[in-house]
Amino acid sequence: MPPLTGQRYPECSVPTRLPEESRVRDTLNAVIAEALQAAIADGRLPLPEAPAVAVERPRDPSHGDWATNIALVSAKAAGMPPRQVAEIVAAELRERLAEVADAVEIAGPGFINIRLRRGVLADVVSRVRAEGDAHGAGERTGSRVQVEFVSANPVGPMHVGHGRWAALGDSIARILEHAGDDVQREFYVNDAGVQMDIFAASVSARYLELTGREVEFPEDGYRGAYITEIAREILADEGESWADATADAREAHFKEKAYAQVLAHLQHVLHGMGVDFDVWFSERTLHASGDRGAPSAIERGIERLREAGHVFEHEGAVWFRSTAFGDDKDRVLKKADGSYTYFAADVAYHADKYDRGFDLVIDIWGADHHGYVKRMESAVAALGHPGKLEVIIGQLVNLFRNGEVVRMSKRTGEMVTFEDLLDEVGADAARYFFLRRSTDQPLDFDIGLAKQRSADNPVYYVQYAHARICSILRKASGADTADESVDVAAVASRIAADEAALALLGSEPGTLAGEAELGLLRKLAEFPEIVAVAARQRAPHKLTTYAEDLASAFHQFYTHCQVVVDDPQLRSARLALADASRLVLARALGLLGVSAPQRM
RNA sequence: GCGCCCGUAGCUCAGUUGGAUAGAGCGGGAGACUUCUAAUCUCUAGGUCGGGGGUUCGAAUCCCUCCGGGCGUGCCA
């Protein structure tokens with residue numbers, strides 16, 4: 001078992017800076033701002049000040065590579081029709097962008113569309129290939145972020161929802177790391193509290209049954225078959241002697257045995273899907289008193305709230321005045337019977353997180369906990385860290401098989417566990433499907449579809465694009481396309497495509513081949529921005545959507561363009577384009593925690 | 001009752017800061033393998049963005065209201 005403590009994590013200190021947006025976007029914004037300034041300065045545009053500029057990528061590729069609505073935005077203030085404003089700005093832009101743009105056009109109600117030179121578009125190929133792992137990455141922000149997720153009670157197997165949150169938390173962590181933050185993954189183990197007692201009593205009852213004794217199963221006990229399995233293992237290991245011990249001694253012993261087993265199991269399943277936590281934080285450590293009777297972390301947490309003036313006593317209980325921070329009602333920390341609430345432990349836990357120096361804490365909770373968000377935010381604010389907690393609510397998963405809902409019953413313990421699902425569909429498909437929908441949307445998971453190795457299955461669609469590229473590279477090396485001993489990366493590194501060669505890409509616009517090349521170039525260029533948006537919005541599903549778009553652009557390219565052709569220049573250019581696609585596909589899949597196979 | 005999330009094509013869902021003719025996959029219809037993997041591609045049909053008001057040059061997106069669905073609303077964990 002790994003260490004179960006609130007262990008410290010190595011200090012990280014890197015200069016603070018926000019992730020950089022795409023270079024082209026920044027440049028265009030700057031140039032447009034200059035153009036506006038110039039037109040305002042010489043009186044052609046009667047504006048008091050230049051409006052904020054924001055270029056965007058038009059949805060419709062026929063509108064060019066970039067567009068700005070600046071004329072529409074400023075028409076009113078300038079007292080001119082939008083198209084007239086657009087004329088003035090566009091004239092300026094044509095001069096300033098002569099080097100990089102083929103055309104600056106006015107369209108629709110007054111949009112200015114900018115069409116980049118092919119050479120500028122093809123630039124992305126060299127950039128992707130030169131930057132390697134750094135491509136699409138933000139500069140190090142120095143921001144220390146903790147993502148806490150799954151945190152399933154260690155009293156049974158994970159359900160399918162836990163699997164989704166595991167995929168989500170891990171992918172968000174990967175994306176934030178790529179965007180430049182220092183990220184720590186943490187699992188909070190609720191190993192204190194009554195559910196552990198019930199758990200122990202359940203195992204104890206099954207153990208006694210196995211020794212042939214008549215026992216009444218606890219009414220609120222856990223009835224899953226795994227309880228019996230655990231009891232059986234204890235029986236095999238330690239024999240029947242525990243049947244004669246006192247119930248207290250037996251349950252105390254069984255609790256630790258069973259807990260260790262379940263925890264190891266959770267770690268095993270999570271590891272199996274590629275999710276590894278940096279810290280497993282035990283709730284018990286918060287309850288434990290310090291040396292020579294020093295107060296526990298929970299007691300210290302309450303003390304801190306009290307010092308901040310937000311604690312009061314009422315009807316024998318100790319309360320946190322969360323209403324002072326916008327909560328609906330105040331919350332109990334210490335019950336009238338002297339025990340602490342789960343919330344009190346969570347206050348101590350979060351205090352500990354900030355003591356560890358995190359600049360931002362992201363908690364991923366199941367939808368059934370969303371009523372808890374406000375009080376936790378209140379507590380964090382009261383502890384002096386307002387705004388440094390972000391709670392992401394993960395919606396549930398509905399399992400379907402052949403269009404039918406898979407029914408589960410918690411009472412009888414009859415359920416499809418996350419491990420069952422992993423065994424059936426595999427880690428790649430499970431992760432991909434979990435991440436495909438936005439977080440705040442409940443997910444319908446069709447087991448049949450996830451297992452299907454066909455065109456209907458988006459995860460294979462994306463992986464297949466990657467495998468196809470690897471196959472092309474094997475062919476280009478002169479080897480058999482099925483020869484798995486070929487080092488694809490090494491082949492790729494030998495491909496050299498100079499500017500003249502890359503300029504051939506998309507040189508025949510209007511043809512199927514030319515459009516396919518241009519489409520792929522444009523899609524590749526979007527990647528850094530997609531990563532930045534996915535990071536900012538904590539939205540891995542932006543990357544599944546992107547990966548499918550990129551795979552589609554590649555498949556079209558593949559269909560319409562022979563890559564390994566005789567003409568050495570065209571061949572190297574297309575190989576380089578395919579290689580850049582390979583790298584970006586692998587990176588996108590990597591951020592999702594999904595493998596990028598070289599053969600399928 | 002109150003709070004949060006959601007409602008977009010037959011189905012499952014994207015839609016960035018309010019932008020142009022609202023997109024994709026599946027499913028329906030019609031096609032393409034002598035090629036570097038057809039796990040692919042091409043064409044086609046399909047919409048009152050839940051309803052109604054408002055804000056504005058412009059609304060799926062922002063505001064109000066109504067309808068429908070999910071979850072929450074413990075001195076449980």
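On a predicted model such as this, the values are computed, not experimentally measured, just so you know. So you know, we letter chains A, B, ... as the sequences are listed, proteins then strands, and number each from 1.
- The two residues A:Ala513 and A:Arg574 come nearest to each other via the heavy atoms CB-NH2, 4.1 Å.
- Among the atoms of the strands shown, base atoms are found under 4.0 Å from some heavy atom of A:Ala67.
- The side chain of A:Tyr558 contributes an N or O atom lying less than 4.0 Å from OP1 or OP2 of B:A38.
- Contact annotation for A:Val318: no contact, since no heavy-atom pair falls under 4.0 Å across all strands.
- Using a 4.0 Å heavy-atom criterion, one finds that A:Ala107 contacts the bases of the nucleic acid, with or without backbone contacts as well.
- Projected onto RNA chain B by closest heavy-atom contact, A:Ala336 and A:His63 fall at different nucleotides, the more 5' of which corresponds to A:His63.
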Under the criterion side chain to side chain contact (heavy atoms under 4.5 Å, CB included), I'd like the reasoning laid out for A:Ile362 against A:Phe149: C-alpha separation, chi angles, the key distance, then a yes or no. CA-CA 8 Å; A:Ile362 298 176; A:Phe149 57 109; over 6 Å; no
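- Atom pair A:Phe554:CZ and B:A38:C1' shows a separation of 14 Å (rounding to whole Å applied).
- Nucleic acid contact class of A:Val194 (heavy atoms, under 4.0 Å, all strands): sugar-phosphate only.
- Residue contacts shown for A:Asp337 are absent, as no nucleic acid heavy atom lies under 4.0 Å away.
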Base-contact (B) and sugar-phosphate-only (S) positions in nucleotides 3-13 of chain B, heavy-atom cut-off under 4.0 Å, - elsewhere: BBSS-----BS
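- Taking atom C1' in both B:G18 and B:U61, one finds a spacing of 6 Å when rounded to whole Å.
- The aromatic ring of A:Phe111 does not sit over the base of B:G19, since the test of centres under 5.5 Å and planes under 30° is not met.
- Within the nucleic acid shown, A:Glu315 comes within 4.0 Å of at least one base atom, counting heavy atoms only.
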Intra- and interstrand pairs of RNA chain B - dot-bracket, Watson-Crick/G-U under 3.5 Å, | marks other strand: (((((((..((((.....[...)))).(((((.......))))).....(((((..]....))))))))))))....
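- One can find a donor-acceptor pair under 3.5 Å joining the base of B:A20 and the side-chain atoms of A:Asn113.
- Checking the phosphate oxygens (OP1, OP2) of B:G74, no side-chain nitrogen or oxygen of A:Lys335 falls inside 4.0 Å.
- In this model, a side-chain donor or acceptor of A:Asn69 finds a partner on the base of B:G19 within 3.5 Å.
- The separation of B:G50 from B:A14, taken at their P atoms, amounts to 14 Å, rounded to a whole angstrom.
- Dashed line: the shortest gap from a side-chain N or O of A:Lys329 to OP1 or OP2 of B:G72 is not under 4.0 Å.
- Here A:Asp368 lies in heavy-atom contact (under 4.0 Å) with sugar-phosphate atoms only.
- Put simply, A:Arg468 has a side-chain N or O that comes within less than 4.0 Å of OP1 or OP2 on B:A38.
- Put simply, A:Tyr546 has no side-chain N or O that comes within less than 4.0 Å of OP1 or OP2 on B:G15.
- Heavy atoms of A:Ala476 sit nowhere under 4.0 angstrom from any nucleic acid atom.
- A:Gln556 comes within 4.0 angstrom of sugar-phosphate atoms only, judged by non-hydrogen atoms across all strands, and of no base.
- When the P atom is used for both B:A77 and B:A60, the distance is 48 Å, rounded to whole Å.
- Contacts of A:His314 with the nucleic acid, taken as non-hydrogen atoms under 4.0 Å apart, include base atoms.
- Counting non-hydrogen atoms under 4.0 angstrom, A:Cys561 reaches a base of the nucleic acid.
- Once the 5.5 Å centre distance and the 30° plane angle are applied, the aromatic ring of A:His369 is found stacked with the base of B:A77.
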